[in-house]
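Reading through the structure tokens given below for one structure.
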Amino acid sequence: MIFKILEILGIETRGYDRLLIHFAGINNAASIGVCAALVALFALSAWFMVKPLAGARRKILILGLHFLALIFALALFLEPSLRLAKTRKVKSPIAVLMDASESMKVKTDSGSTRIATALDWLKKNRDYFDSLSSDYELRFYRFDEKLKALPSAFLEAPELSAEGSQTEILEALLRLKSETGSGPLAGVIILSDGADRGELAQIATAQDARLKAKALKGLEKDLQGLGRIYPALAGSERELKDLALTGLTHDGYGFVKNPFVVVVKVRALGDIRGEFPVQLFQEDKLIVTKTVNLEPGKEQTLELEFKPDQVGRFLFKVALPVLEGEASAENNSRVFPLTILRDRIRVLYIVGNPSWDEKFLRRTLEKNPAVDLVSFYILREPYNNPKVGSDYELSLIPFPVDKLFQEELPNFDLVIFQNFFGMNYMPSSYIGNLRNYITDKGGALIYIGGPRAFLKNPFNDPLEEILPVDFEFSGSNYKFAQLSLRLTESGQQHPITNLAGEPLENQNLWEGVKVLENYNPVLRVKPDAVVLVAHKQENVAPLIAVREPGKGRVLMVATDSLWKWKFELEGESGSSRYYQLFWERALRWLMRDPEMKSVSLSSFRDRFQPGEDSSLFFSVQDSSYHPISGATVSLSTLAAPEGCAPSSVPGEEVSPGKYQFKLTLNCPGGYRFAAAAQKDGAVIGSDQAILAVEKESKEMEDLSLRPDLLELLASAGDGKLLKLPDAPDQLKFPKLQLEEIVGAKDFPLWNSWLSFAMFVLLFGALWALRRYFSLS
Amino acid sequence: MKRRDFVKISAASLFGSSLGKSAWAQFQEPRTKKYDFFFAQAVYGKNLNWNPRPSVARSLASIVSSRTSVPASPERVEIKLTDKELFSYPFLYLSGQDAFEPFSDEEIQKLRRWIDAGGFLLADDAMGEPDSGFDQSFRRELSRIFPGEKLNAVPSDHTVFQSYYLVDKVAGRKAAVPNLWGIDRGDLTVLMYSQNDLAGAIEQGPGSSFRFSPEPGGEAQREMAIRLWVNIVFYALCANYKKDLIHIPFISERRKHRPK
């Protein structure tokens, strides 16, 4: 009928089968907002004009004129047109989603993998799908943690590998929905083992009934527009055998001689029951074996406990035996790198006489929970007379020098001599023992000044050998002066004195310490010592210096007034954090904290995915922590999974003293690397690093089929769960009446002088009536 | 051994031992005397109420320096609570015998911050009797320095009773109150208060004679007061050093065998 009228009007309608009203002005949400504003404006104007009028006729007239004016105004804005369209019927789409996650490569009882079973099912039911394609458009996708369209000819030769790291079924459906836009689907077929690791599994395992009901409602809403959901379970659990480590948790650090616990979860699937050993290896050495009693389908948790006996960074491995016919051996072992730290720092603290310097340092050490202090203060000199009838009136204890310096010394990590000269208490050979403890056993010493310190005396010779300075022969060993400090170039870099990070701030921080007033002068710096802080007054006189004699480390502080830095600073600013930080960092350097090494090999992460690009960074500095540029660096592989040692890679200097080795590690397992640096033929140093390569996903931890999850999906999607090789002919899809416009011709309805004249005329009439009705 | 070798070794030994003696002498008497304990006394109020025992610092220095390894300065440092120099002296003595005006807010804040930074305050009532004017004023000021806290009797196993001497009696010039009082911060007592005129027991007049005779215990009581003074100085300097595990069995054994 309309088409006839159009033809009468001279419009060519042949070939067109639809007549539509098209609004060219509606482009976006803003244009709808403008329309709404126009309507509101006209309604407001009408209300103010109609309200004061008395007669009904006048009101109707004004309202009618407003309505007409609004129509024309909207027409001007919306640009309506008559559209003649050519349409074509389209087939309802059906999406076939193939699970390509790693769990699909598990073998079924027929000997083929789950994914092969799914592909076979497609092949065997080719006729069904061909017949389906006469009414529906079949679209194929693969999914894991992503969704990817497969070629339209996929059905002709279905091939797919299961390499995806995680099954996320619901997420894949939501991606499918957003990909198809607003167009509805007739249905979705999902070929999967149901071993979901995403939101669907979370919904199914929700414990709170109210939350679960809400989640299920949300699931139904999510599936709207996807048509009927038909999950098809690929795989059979009847003969699935798998022993798997499903969980591994442990602390970030371990401590020497303290129990360290690795919590392991183990699960057996299929016909596996009985006792199985769970082993923990440190590098290649078996350190713990524990037996777990397993029943099919039940997860067991067990703790593997050991006491690390060595400080360092090691690669650990938890391993289960690999049984014959297991679905996967990948989930039978896990590796993890672990840093073992010193449990406690055992400190022998010997003080020449009580003083404020001792009090504030001791309080600082006591605040450090890692420090175990054994202290001996000389409270009475031979020339003191406490005026007692017997020593039982005193709390003083004998200074057990024989036991300490002959037997116990190796049990301490650090010795502190503070303003102490021991000639009255021990033979010089004990100071020799102290020297040997430093140089041969790798012990550490803090030597703090005072009137009793830095005395030139044969008794002190062994001490002088290891300190960063030689004692002078003449002059006083102790002076009073208001000290101004100078942070040396080495002190600027050194981890002990680089307290503020920023060079200028650090320099100001140290130069601002103006409270020190006593020091031990005239000390000659040894060639291999590093002066960190010196006096400003006496340019070369060291105040804080370090040295590494033999295997040990020594820190010297040639003043006993450092306490003033703490006490006075706290009085001024309420904070003494730099004093505390200085001692904390000193302890860490003396204890060879791995983060304070001058030559260190590290990476941003210690875990990588197989095949992921990784880098090792080799920081090369001298003993003063100055970066060394132009060094010859090399990287060697000390340990790697069998046949997977990466080929040698060159180190590239990316910033002064920092070298990068780029690696790609393909095989899961642990790798240990060693880097070495040389310059001008001299060895600078070397370091090692450990990396673990492991798939991050939990996909292979539990290979159970999850028909329950697929059932949940089918129920929410008004479909049904199929178990392969069930025939697909029970799948029912609605036929949606879908069509698409393939051609169109528009006839604008507004674009004429008449429309515009009508709009102007109506507004003019309204204006005239306002005047006539004496409206303001 | 050849004769020449013997001469060489003997000469070297002689050199070494003489060198040792020289260095030891240098150690015993450094060119400039260095003190590890300064007696700083709080100056407050408008009159001399703060200063009832003006020469106590000299007496205490003599006791501490002669009986222990700590060189103590005989000079008293007089310091106002608002002085910047307060933070150069971690030991502060506050005394008086009469009631005094409240401290200013600035004095209270400064004192509180000084204690938080690690200072140790010893307060001493020179009247040597409970509920004196000083006692009332001092307790009032304490409630401002440590709001909500109160003085507690220092227990008999506190480090202050075993930091140098084994002490089991609290006494000064008087023995009116058998306790020391204290306020703790964590494991440390940061303030101690004696009501027995501790300073009066040790203060010397011109020459070396003591100014007062302790009551009621006479010279034995003075010795107890001297020992308590030494212990308080050592507690201020060494804190809980004597609570280290290694000391406990020794001290326990000595307490058992100590003459009563």
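The part of B:F234 that comes within reach of chain A is its side chain, from C-beta onward, which places non-hydrogen atoms under 4.5 angstrom from that chain. There is no contact between B:I226 and chain A, counting heavy-atom distances below 4.5 Å. Of the two parts of B:E85, neither the backbone nor the side chain holds a non-hydrogen atom closer than 4.5 Å to a non-hydrogen atom of chain A. Using a 4.5 Å cut-off between heavy atoms, A:F376 contacts chain B through both its backbone and its side chain. When heavy atoms are compared at a cutoff of 4.5 Å, B:K84 approaches chain A solely by way of its side chain, counted from C-beta outward. Heavy atoms of A:V388 lying under 4.5 Å from chain B belong to its backbone as well as its side chain. For B:Y89, the part lying near chain A is the backbone, with the side chain staying farther off; criterion is any non-hydrogen pair under 4.5 Å.
Contact between B:Y235 and B:D187 at its shortest, heavy atoms only, is OH-O, 4.2 Å. Nearest heavy atom pair, residue B:G172 against residue B:A201, reads C-CB, 3.5 Å.
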Ring pair (Phe, Tyr, Trp, His ring centres under 6.0 Å) evaluation trace for B:Y93 with B:F39: CA-CA 7 Å; B:Y93 176 70; B:F39 188 92; 5.0 Å; yes
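Contact tally against chain A (heavy-atom pairs below 4.5 Å) for B:D116, B:L237, B:D36: the top residue is B:L237. Between chain B and the options A:K387, A:R362, A:E366, A:E358, the largest number of non-hydrogen pairs under 4.5 Å is found for A:R362. No other option in B:K110, B:Q162, B:K242 has as many heavy-atom pairs under 4.5 Å with chain A as B:K242. Residue with the most contacts toward chain B among A:D357, A:N353, A:D560, A:N518: A:N353 (heavy-atom pairs, distance under 4.5 Å).
Taking 4.0 Å as the cut-off between side-chain N and carboxylate O, B:R113 and A:E570 do not count as a salt-bridged pair.
A cation-pi arrangement is found for B:R222 relative to B:F210, the charged atom lying closer than 6.0 Å to the ring centre and inside a 45° cone about the ring normal.
For A:F459 and A:F421, the ring centers are positioned less than 6.0 Å apart.
In this structure, A:I431 CD1 and A:F405 CZ are separated by 5.5 Å, a value rounded to the nearest 0.5 Å.
Checking A:S484 against A:H535 by side-chain atom types alone, no donor-acceptor pair falls below 3.5 Å.
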